[in-house]
Each structure stands twice: as structure tokens, then as C-alpha cells.
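Inspection log for the structure reproduced underneath, given as C-alpha cells.
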Amino acid sequence: MNTETHTQLANHAWSVADLLRGDYKQSDYGKVILPFTVLRRLECVLEPTRDRVCAEVTKHAGEDRNLDPFLRRASGAKFYNITDFTLKKVLADPTYVAKNLIEYVGGFSPNAAEVLEKYEFTQQVRRLDGAGLLYQVVGKFADLDLHPDQVPNHNMGYVFEELIRRFAEQSNETAGEHFTPREVIELMVNLLLAPDADLLGAPGATRRILDPACGTGGMLSAAEEHIKKLNPDVRVEVFGQELNPESWAICRSDLLIKGQDSGHIAFGNSFNQDGHPNLKVDYLLANPPFGVEWKKVKDEVTWEHEHLGDAGRFAAGLPRINDGSLLFLQHMISKWNSPANHGGRLAIVFNGSPLFTGAAESGESNIRRWIIENDWLEAVVALPDQLFYNTGISTYFWILTNRKTPDHRGKVILLDARDQWEKMRKSLGDKRKRISDAQIEEITRLYGNAIEVASHPEHPLHGKVKVFDNSDFGYRRITVEQPLRLRFDLSAKALDRLAGAAAVGKLYADAEVFRRLLLPLVGSGWSTKARAVTAMKDAVGAAGEPWPTGAAFAKLFRDALGVRDPEGEIQTVRGEPEPDPELRDYENVPLKEDVEEYLSREVLPHVPDAWIDHSKTKIGYEIPFTRHFYVYTPPRPLEEIDAELKALETEIQELLNEVMQ
């Protein structure tokens, strides 16, 4: 089935919007069109066995036992409908369309009825009936051919996704929160499964897949189909979780139609309502929303982090509240099989932020450190921009595994596929580019040969792949200190501070006496604290008055008279130079480099008396992808720029002459 056919089917369903206009807001069109499309699809799937199910219902009428197994067997599917209604039969009695339609929907097995309930279908039926629109709407969908022999399950996903995209555009919502472009999914699945072709071909294999932000289930479907191509006999079990009720309902109905366990698709927020708490799987993939805050689940997530530790999902750290991307990644890692049980692989789509956001020992940096030091990060793949429906920003695949092959151990692949795209004939939202089938094959092939390509400078694609040691992404954030240097000046303001000191108040009944004794020295300066104290103490002592003592007064003295001076006296604390907070600096030193050697080479030639405060050193991790692939472009020669400017000046002058004539 080609794209035009998908569009035609979506157009047919979308045409109902013309009927709803005026009685429904644009943002509510989906509440009608999506459930009716699901209902029609379920009806078309059940059509060949409808009479058989009705016969089974009649056969067991009045029996007090669970008929569910009998009815499923009769329907040949994981669901059924015990009525003899169809949408066309519902239309046959215009007086009772609403009553018969509600009865029809109520006749579905509980797992199918639950899907329609998520759309509040019964309420929509009554609302349409009250507006006098129900008969026409039902008629539109009764004519929509969604039989599986005409629209295979894979292609039905395109129809649903096209509808969702249109609804999102109408209501200014974010379509990208619901689904991912199919060519992106195909590439993602290729990279996720490519190293496992032999493993997946094993006889009697069973593989489990999880998407914790599954949307309409496109990624799960693509991964299942890819595995089946490698081994038609493999048993594939898919699991997912979705927060959006409409997308959840579509994904769940898709599993019903395919004969899988629809209960594997949980509803709710994966962070605080983990729908698969004890699940372990072979493969995980996800395209979580970019930059979405997790404030609503902050209490539950923070509690799990602080109280469950390694027994929970978020022990490594918590990212900033306005971006939960790395929470999704930690959640997924908690779900993969242990290496002792064949291990797991995962792929996730991120924007650029998780690569570098967060300073050393921040939540984000600690999560990256945890992943890289455990040797789980296999690769980061940069994708073209303008690839997604809801954003034009650059995106990246992160590929992780806990069972790296020997040649990958201790290494991370960075692959630059940003130039692998072709322009779309027609933009869809922010999506103006697509990755062609040939480009998907080339990226997949390059990924499989990445280490070999990176090690051969003469390879034509050598510049697109780089391989690093894990430690190359780590750094020490060192604190470089310089000594506090002061000279000491007695100003009128400084004298007022001294005269107001508590120690002066204890010695002098009238602090003004102390102030008058030192007044002649106002404007004087000394190169050291000792000289300043001696001079002022002598002035007070000459009048037979006492000099204040104590640590508090000594500190006040230095604070009041001390003035920063590059040539001033170095201040000390317990015999060691005191650092000057205003001169404090920070440097990021690669883990592989000795920090003292770095100091000697980069700092001491400029600041000879600097030192490192090792007690403040922090470990950080970041993946500066763009920096590693930056190619310097020299500026054009001045002569060329000058010639271009002169040509423009001439052109402007000619235009002005034409205007003047």
C-alpha cells in the first residue's frame, strides 16, 4: 500500500470533520473520528467469523460459565462481539441509531470495549445524537473499507498516525509526542537489531520488546516485523506504556487485531505508574517527548531516588526538572535482561541536551558517568535536522547494551549521519527532510563497520565515524586558586568600622576616644598587616590607651583596611596561603591527563603562584559530539570579499541611475 492510499483513507475519515464543524471545536474532532476509525477496523477484522461467534453465543445461551475462551476461539482473534450488529445494520433503523450503536459497542469483549471507553465513546454517541449528526457520521464510517486484506496492520498504523498528525495541527498540539516518522523508526530498529541477526535466527527463540513511551505502537510494530524477517519462527512479545489515552487506545487495538496480548500495553506515566514493574526484556526503544518537565511526578521520583537507591530505577541521579529525558533512559535500563540472561539492547531518540547539559557531578553528568563507566553506551548517531513533525532541531540516537562484543568493549562510537537526507516534496509540520531507503541501508552498513572504518583513514566515510575510549568523555573539574594579596589603607570609613567594633566597646567607655586617637592616620597605607597594626597600636599606646585584641577584632581589622593589590602581602591561614575567591577559576581536565601537569603547562606560566584545591575536584562526563566533528572552514581571502563589495556597489549605483532617469 502506497502513501497515496494511506492519505485517501485518512481523507475519508477526516471528511467527518466537515460534519462536526460548528458543533465541535477543532481540538475535539479526534474524540469522534479516532474511536469510529478504531471501531470500523475492529468490525472489519471480525467480519469473517461474526456468524460463527453469534452461533456460539446461541449455543451456550443460559449456561452459567465463562464463555470467553469459546468466543475467542470462534472469532479467531483475541477479541469478539456477541451482537449481530454492524455499522450498516445500525443504520438500518434510523430511529434507534444511538441505542443500537451503544448496544453494539457493549457487545465487544472487555479488552476491546476498554479501548473504546478510553475515548468516552458512549458520551460521544449521545452528543452526536443530540446534535442530529450521529446517522451521518455512522454512515461515513460504514463505507470505509478497512478490511485487513485491503489494509494490513502495518499500513493501518500509517492511517492512524496521519489522522493524529492532522488533529495535532488543528489544535496546535505536539504531533511528535504521539508518533515518530516511519523511516526514523526503520533506521532505529536496524541499528538496534543489526548485531543480533545470528542470535535472532536461533530456532525456538523468544524475544521481548518494550517501548515505555509507545504512542500508537509504531516502533513496536516495526521491531516485531524486523525480527520476523530475520526469523519467521521467532516468538515476539511486545510491551508498552503510553500516557495519551487516544494513542494508548490505538496501540492496544493494534495488538488486539494482531492476536497479541493487549494487556501488555499499560496506561499511565512510566515514571510514577510503572505498568511493568517486574518485566525484563531483550530490546527497548523509545522516542520520549523532548525537554518535557517532570514536575508532576517529582515527589514520587525523588522518593524512589533517595530511598530505594540501586533497588529502584533512578539511583544514578536526577536531571533538572525541565527535562526528563534521562529519567526515561534510566527507566529503560532497569528493564533490560541481565548479561547472564542474554543481556539487552536499547535505542532512544534524544535532542542534543542530554549529551552535555549539567556541570560535573550534576544529575545529568552523574547519569552519563554511570552509563559510560558501566560500559553500556555503544554509540551515539547524529541525525539530520527537520526530521520530526513537531521540531526542526537536531536529534540523536543513543544505542546502549550490557553485552558489548569484545571489539566494542571500553569504546563508544560516534557516527555523523546529519547529511543523510533528501528533501520532502511537501512539508509536514516541521518535517521537511526524510531519510531514503538507500540512505538507511548506507547508515546501517556504516554502523556495522564503524570500528573498521574509523581505523582506516583512507576509507571514503572515515570522517563520518569516530571511536573513543570510555574515559575520553570524562573530565576532572579542578578548582584553581590564587593567593589573596592585600595592602592596608586606613580610610575614614574603615576607622568608623573599627571604632564600632565590640572589642573597642569593651575597652572604651566612649569609642569616640579610640576614633580620635587614630584620626591623624586616616589616609595612611601600609604594605603589610603587621606594619599597619604596629603603627596604629603605637598611636593608641602613646596616649596610654589599650589596643583591642581577639580573633573577631583581628578579622574586622583586615576586612576594614585590606585592599586587594597584585603586589600586596599574601594572606595566610594556619601557615598556608589563603585563596582569593575573586580570582578563583575552574578548568576541565580530561581524565587521561594528570592535573598537576596540566597546571604546570596551562596555568603556571601565566599565574606562577596558583595551585589546585584538590578537595574541590569533581568528576564529570559529557559527549561533545559537534566538537568532535567540527571542520574548520577558513575565511575567504580579503581580495575576494573586496571584489564582491565593489561589484555590489556598482550594481547599486546602476540601479540608482535608472531611478534618477
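Note that the structure is a prediction, hence the values are computed from the model and not measured.
More than 12 heavy atoms of other residues, nucleotides or ligands shown are found within 6.0 angstrom of NZ on Lys258.
Gln124 is listed as a side-chain neighbour of Tyr24, based on a closest heavy-atom distance under 4.5 Å. Side-chain contact between Asn341 and Lys280 is absent, with no heavy-atom pair separated by less than 4.5 Å.
Salt bridge present: Glu304 and Arg313 bring a charged side-chain N and a carboxylate O closer than 4.0 Å. Salt-bridge annotation for Asp143 and Lys88: present, with a side-chain N of the basic residue lying under 4.0 Å from a carboxylate O of the acidic one. For Glu242 and Lys118, the salt-bridge test fails: no basic side-chain N is under 4.0 Å from an acidic carboxylate O.
When the salt bridge (Lys or Arg N to Asp or Glu O under 4.0 Å) test is applied to Asp385, the partners found at least two apart in sequence or on another chain are Lys433. Taking the salt bridge (Lys or Arg N to Asp or Glu O under 4.0 Å) definition, one finds that Lys228 meets it with nothing, sequence neighbours left out. Every residue was checked against the ring-ring contact (aromatic ring centres under 6.0 Å, His included) condition with His12, not counting sequence neighbours, and none meets it. Evaluation of the side chain to side chain donor-acceptor pair (under 3.5 Å) rule for Glu225 yields His154 as partners, not counting sequence neighbours.
One distance of note links CG of Leu163 with OG1 of Thr37; it measures 5.5 Å at 0.5 Å rounding. Distance check, rounded to the nearest 0.5 Å: CG of Leu285 to CZ of Phe397 gives 9.5 Å. Expressed to the nearest 0.5 Å, how far CZ of Arg182 lies from CE of Met219 amounts to 10.0 Å.
Test Asn155, Val159, Asp145 against Leu9 for side chain to side chain contact (heavy atoms under 4.5 Å, CB included) and you get one pass: Val159. Evaluated for a side chain to side chain contact (heavy atoms under 4.5 Å, CB included) with Ile209, the options Leu220, Val281, Leu192 yield exactly one hit, Leu220.
The heavy-atom pair separating Thr395 from Pro384 by the smallest distance is OG1-O, 4.2 Å. Of all heavy-atom pairs spanning Arg252 and Ser262, the tightest one is NE-O, 2.9 Å. Between Ser75 and Leu46, the closest heavy-atom pair is CB-CD2, 4.2 Å. A pairwise comparison of heavy atoms in Ala142 and Leu91 identifies CB-CD1, 4.0 Å as the closest pair.
When only modelled atom types and interatomic distance are considered, Asp323 and Ser325 share a side-chain donor-acceptor pair under 3.5 Å.
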List the steps and the verdict of salt bridge (Lys or Arg N to Asp or Glu O under 4.0 Å) for Asp282 and Arg403.
CA-CA 11 Å; Asp282 303 280; Arg403 51 177 174 82; over 6 Å; no
For Asp196 and Ile227: C-alpha separation, side-chain torsions, deciding distance, then whether side-chain contact (heavy atoms from CB on, under 4.5 Å) applies.
CA-CA 10 Å; Asp196 285 2; Ile227 292 174; over 6 Å; no
For Val115 and Leu42, run side-chain contact (heavy atoms from CB on, under 4.5 Å): C-alpha distance rounded to whole Å, both residues' side-chain angles, the deciding distance at 0.1 Å, then the answer.
CA-CA 11 Å; Val115 169; Leu42 297 177; 5.7 Å; no
Run Val238 and Asp211 through side-chain contact (heavy atoms from CB on, under 4.5 Å) and show every step you take.
CA-CA 8 Å; Val238 299; Asp211 182 347; over 6 Å; no
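Under the 30°/60° scheme for interplanar angles, the aromatic rings of Phe290 and Phe388 are found to stand perpendicular.
A salt bridge (Lys or Arg N to Asp or Glu O under 4.0 Å) check over residues 344-354, counting only residues at least two apart or in different chains, returns the pairs Arg345-Glu378.
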Distance-only check: which donor-acceptor pairs under 3.5 Å involve side-chain atoms of residues 102-112, not counting sequence neighbours?
unit_1: Tyr104; atom_1: OH; unit_2: Glu43; atom_2: OE1; d: 2.6
unit_1: Ser109; atom_1: OG; unit_2: Tyr80; atom_2: N; d: 3.3
unit_1: Ser109; atom_1: OG; unit_2: Asn111; atom_2: OD1; d: 2.6
unit_1: Asn111; atom_1: ND2; unit_2: Lys78; atom_2: O; d: 2.8

